[in-house]
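For reference, the structure is listed below as structure tokens.
Here is the naming used below: chain letters follow the sequence lines, and residue numbers restart at 1 for every chain.
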Amino acid sequence: MIDLLAQAQPDNVFTRAWWDALVTREESWQILPTAFKFTVAAILTVGLYSLLYRENRFYRFVEHLFIGLATGFSVVGIVWEPVLHQKWWVPMVGAAGTDETAMKLAYWPWAVVLPIGVLAFFVFSKKHGWLSRIPIGIILGLWAGQQFNAFQNRYLPQLADSARPFIPNQFTLSSRLDPSGTLTVPDAINNLIVMATFIVVLSYFLYSFEQQSKLFQRSAIAGRWLLMVGFGAIFGTTMMTRFSLFIDRAYFLLIEWLKLGPIA
Amino acid sequence: MNWLIAQVESPEPGFWGLPHTDAPLLTQGFFWAIVGSLVGMVVVIFFLARVPSNFRRPIAVAFVFLAGMFYVLEWVLPRGKDMSGETVIPFLFGSNYEDAVPVVANLSQIIFGLLLALGILSIFRVHFGRLFRLEKDWFFSFVLLGSMAVMIVFGLMNWSLDQAVAREAITSEQASRTIAAQGFQFVFFDMLQNLDAAMFSLIAFFILSAAYRAFRIKSIEATIMMATALVVLMSFIPIFLAITNWLPADQFVGNFRVDTIGDWILDTINAPALRAIDLGLGLGILAMAIRIMLGLERGVSVD
Amino acid sequence: MTNAEETKAESRFWLTLQALDRRWLYLILVLIVSWLVLQPIEAPNVVSTRSEALYDYLSGLDEGDVVLVESNWTNSTRGESRGQFQALMRLLMRKKIKFVITAIADPQAPNIAREVIESIAKEPGSNNYQENVDWVMAGYFPNGENHVMSMVNDVRKELATKGIEDSPVMEGINDLSDMKAIINVTASATILIWYERIRNKAPIGLMCTAVMSAENIPYFVAGQLEGLVIGAKGGFDFETLLAEEFPDTNPEFSEYTNFESGRRYMSPLAFALMLLVLSVVAGNVAMYMLRRGGERS
């Protein structure tokens, strides 16, 4: 612990100097706003973490605060500013020109779009609820229409990469110096593994009905095992993300707030 | 058709784009055009609401199908090049399909935004009701609605400051010193962003306790999964990479470096395995898209 | 002690271990992470080929080239995304590559990105990057699918809706293919939209959270991604490569900051993951011993 305090920044909150500065009139103006903001953030963070001990009212308070702030932000940040203002209001009403800027025409037909979107709010009405299906249907229809192009762009290169050459033309180990077009034995084996894995896992997925043939049964077992390799990679990388996020919060509390160690 | 999105270049005023001048609002044509369109739409909706129930489904399906067909047209319509070498896909009334795409995209973004507003309204309804009737835990609803209101007020004030800066009415320096900007900074960066980070980091603890209690290595599958996870994790952590760092990468023994083994698993087995799952999902999505467009998917246009 | 008592005591130990209150586990995690955040252990890095591919590509661009940076992260993934984004910004600014920032996943993202960009622009080596001159903020676009489609279709028209088409950054950009790269710094599935709609107009670089990496590696393998930077380790890779290109041993670069959260978070991460592995092992050993005890009696 002594080691730690020796590492701490000279102005960490456990030093006399920090508290002295806080009550000095000139310096407190520099310290106080940041200290206040960080302390509020830290209290909120600890409030959420209190759930780890047990469910409590402070946690619920902070949780509702979070939902409220996030919802409030989406009103301005999603609905008003980028959509209703920029995509609807500005093109619809245009703008009068000034000395420096040209006049922007008012494209009044955009006015028609708002009532169509507002139909969605009929979802709360029992009698006219079906009207809400029109705007939802337009969005879903556009989404569905895009999927054909999306499939082509996203999966065709994937399929092309799954059909790989597997007859080697050089019988040595791979090297970085090999000219392009060389396929060494190890590369050929790797390519075979890629193709076999792809086919076996795909067949495990597609044959959802019961298989009588021994070959298919075996391939399904192999498919399940190879799939587990994929799931293992997903599990490992998921843990990495989750821990990184917690480490970042520990960094915030210990370094940014309490200044107990060197920055970065 | 691109002129409908405005401001790309300044085309001549016409029927669809009316001039906006400094004259009083009530004397301007565009104002009355907007009012007229809104009133017209209200009338249309009034009659739509009175459509007999056996026509409702075909109407809803027609909207879905027409919207879906728009992007399919890109494949169906013939394409050519104009004088300047730009791609042209002739569309309705001699317009270019490529120009219609941004207009439809804009339209869909507006409707999408209004659908999100619907979600926000539902949260508001639930909590407002709870607060109004002083039900159990009304205090938490009060906190939620209060913080929502504070964020909306500061957000709008901050937005109008941004507008003023864009108009060059004030400098960004002046804007940042106002109470509105400072308040927004506080509720957004210091409160919302830190809560966001803390909320997501909580999951680390839950996964750790789940791994301890539930990850039982009883089968070959579980063993393969755990072993892969271990190797992949090691290949991402410099302390473990350092163990085999001394092996020369371009010789045969380089194959036994932790990073080489990790990358081999990820590229040679994980990649095709997940690609196969992904392709399976992609085919499923494609099938669903067709069902949606044809009005066969439940919940979209069929009950 | 008799044999039976011994067996009983032993099984009681394994039972306790198996039924251990999860809060003890949490406490150990908190202590390990706190200790290593305060006293990080440094280990040399082995840069992943996936990160290196993107770094080399960007580093080889010419001064004045324009790239699109789609910033789709907020503080909810600060632990991974910020390190990546900071290192990316340092590289672009040092190489005088211009950039346009957009966001489709989260309306909060532009504010976060701006905060980081403004602080890095003040650093030595960042060529005093100015908004609207060297970089421009296009902001948030709801309905990412349609936005990306419009970007691919006509980048000027789509950015015109934000009034930035005449920015000096956009000079010479008439089509998405005039941009040298699209870099997606993301914490959600936004990249899929680009795979689906890009039509080979520009190379894509992905900087993603580790949790998304496994599903995106197939796209790197198939060449749909120019480079793939994964999680906090990817950020550390970029930092390492920055330090190789701009070493502080060179007096010209002695004031540059190369390392930040990427390197800092590596050792706590290593030990937290070791705790995870140990706890899985402990849980399994306890189960195995109890089952064996059960068979004996």
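Neither the backbone nor the side chain of C:Ser48 comes within less than 4.5 Å of any heavy atom of chain B. Within the 4.5 angstrom heavy-atom criterion, only side-chain atoms of B:Met226, from C-beta onward, approach chain C. Only the side chain of C:Glu115 has a heavy atom closer than 4.5 Å to any heavy atom of chain B. Only the side chain of B:Asp278 has a heavy atom closer than 4.5 Å to any heavy atom of chain C. Interface remark: C:Arg78 contributes no atoms to any contact with chain B (heavy atom separation under 4.5 Å). With a 4.5 Å cut-off on non-hydrogen atoms, C:Ile28 does not touch chain B at all. Contacts between C:Asn111 and chain B at a heavy-atom distance below 4.5 Å involve backbone atoms as well as side-chain atoms. Heavy atoms closer than 4.5 Å to chain B are found in the side chain of C:Phe271, but not in its backbone. In this structure, no portion of C:Tyr288 lies under 4.5 Å from any heavy atom of chain B. C:Leu276 touches chain B through backbone and side chain together, each having a heavy atom under 4.5 Å away. Interface remark: C:Ala222 contributes backbone and side-chain atoms alike to the contact with chain B (heavy atom separation under 4.5 Å). Using a 4.5 Å cut-off between heavy atoms, C:Phe220 makes no contact with chain B at all. For C:Ser150, the part sitting under 4.5 Å from any heavy atom of chain B is the side chain, from C-beta outward, and nothing else. If you measure heavy-atom distances from B:Leu233 to chain C, the contacts under 4.5 Å come from the side chain alone. For a residue to count as touching a neighbouring chain, one of its non-hydrogen atoms must lie under 4.5 Å from one of that chain's; by this rule B:Leu266 touches chain C with backbone and side chain alike. Contact annotation for B:Phe215: both backbone and side-chain heavy atoms come within less than 4.5 Å of a heavy atom of chain C. Looking at C:Asp21, only its backbone comes within 4.5 Å of chain B, counting heavy atoms on both sides.
Chain B forms more heavy-atom pairs under 4.5 Å with one residue of C:Ile41, C:Val277, C:Asp237, C:Thr74 than with any other, namely C:Thr74. Counting heavy-atom pairs closer than 4.5 Å to chain B, the top-ranked of the candidates C:Ala272, C:Ala286, C:Ala214, C:Ala282 is C:Ala214. Chosen from C:Glu42, C:Met149, C:Met274, C:Arg22, the residue pairing most often with chain B at heavy-atom distances under 4.5 Å is C:Met149. Interface remark: of the candidates C:Ser267, C:Gly234, C:Pro44, C:Ala232, C:Pro44 forms the most heavy-atom pairs closer than 4.5 Å to chain B. Residue with the most contacts toward chain B among C:Ile230, C:Asp154, C:Asn45: C:Ile230 (heavy-atom pairs, distance under 4.5 Å).
For the pair B:Pro238 and C:Val46, the minimum side-chain heavy-atom distance is 4.5 Å or more. Contact annotation: the side chain of C:Leu273 never approaches that of B:Met234 to less than 4.5 Å [non-hydrogen atoms, C-beta and beyond]. Contact of the C:Ile217 side chain with the B:Leu274 side chain is not registered, since no non-hydrogen atoms from C-beta on lie closer than 4.5 Å. Contact annotation: the side chain of C:Thr77 never approaches that of B:Phe200 to less than 4.5 Å [non-hydrogen atoms, C-beta and beyond]. A heavy-atom distance below 4.5 Å is found between the side chains of B:Gln193 and C:Ile112.
In this structure a side-chain-to-backbone donor-acceptor pair under 3.5 Å is present from B:Arg213 to C:Leu20. Although no hydrogens or angles enter the test, the distance criterion places a donor-acceptor pair under 3.5 Å between the side chain of B:Arg275 and the main chain of C:Pro218. At distances below 3.5 Å, at least one donor-acceptor pair connects side-chain atoms of C:Asn284 with backbone N or O atoms of B:Ile217.
Closest heavy-atom contact between C:Lys157 and B:Pro102: CD-CG, 4.3 Å. Smallest separation of non-hydrogen atoms from C:Ala270 and B:Ile239: CB-CD1, 3.8 Å.
Using non-hydrogen atoms only and a strict 4.5 Å limit, the part of residues 183-192 of chain B facing chain C consists of B:Phe184, B:Phe188, B:Phe189, B:Leu192. Taking 4.5 Å as the heavy-atom cut-off, none of the residues of residues 154-165 of chain B approach chain C.
Here B:Leu208 contributes atom CG and C:Leu275 contributes atom CG; the two are 5.5 Å apart, rounded to the nearest 0.5 Å. To the nearest 0.5 Å, atoms OG (B:Ser209) and CG (C:Leu29) are separated by 11.0 Å. A distance of 9.0 Å separates OG of B:Ser108 from CD of C:Glu145, quoted to the nearest 0.5 Å. A distance of 5.5 Å separates CZ in B:Phe206 from OH in C:Tyr26, rounded to the nearest 0.5 Å.
Of the charged side-chain nitrogens involved, at least one lies within less than 4.0 Å of a carboxylate oxygen, so that C:Arg50 and B:Asp263 count as a salt-bridged pair.
Sequence neighbours left out, the pairs with a member in residues 136-161 of chain C that pass ring pair (Phe, Tyr, Trp, His ring centres under 6.0 Å) are C:Phe141-C:His147.
Annotation: ring pair (Phe, Tyr, Trp, His ring centres under 6.0 Å) contacts of B:Tyr71 (sequence neighbours excluded): none.
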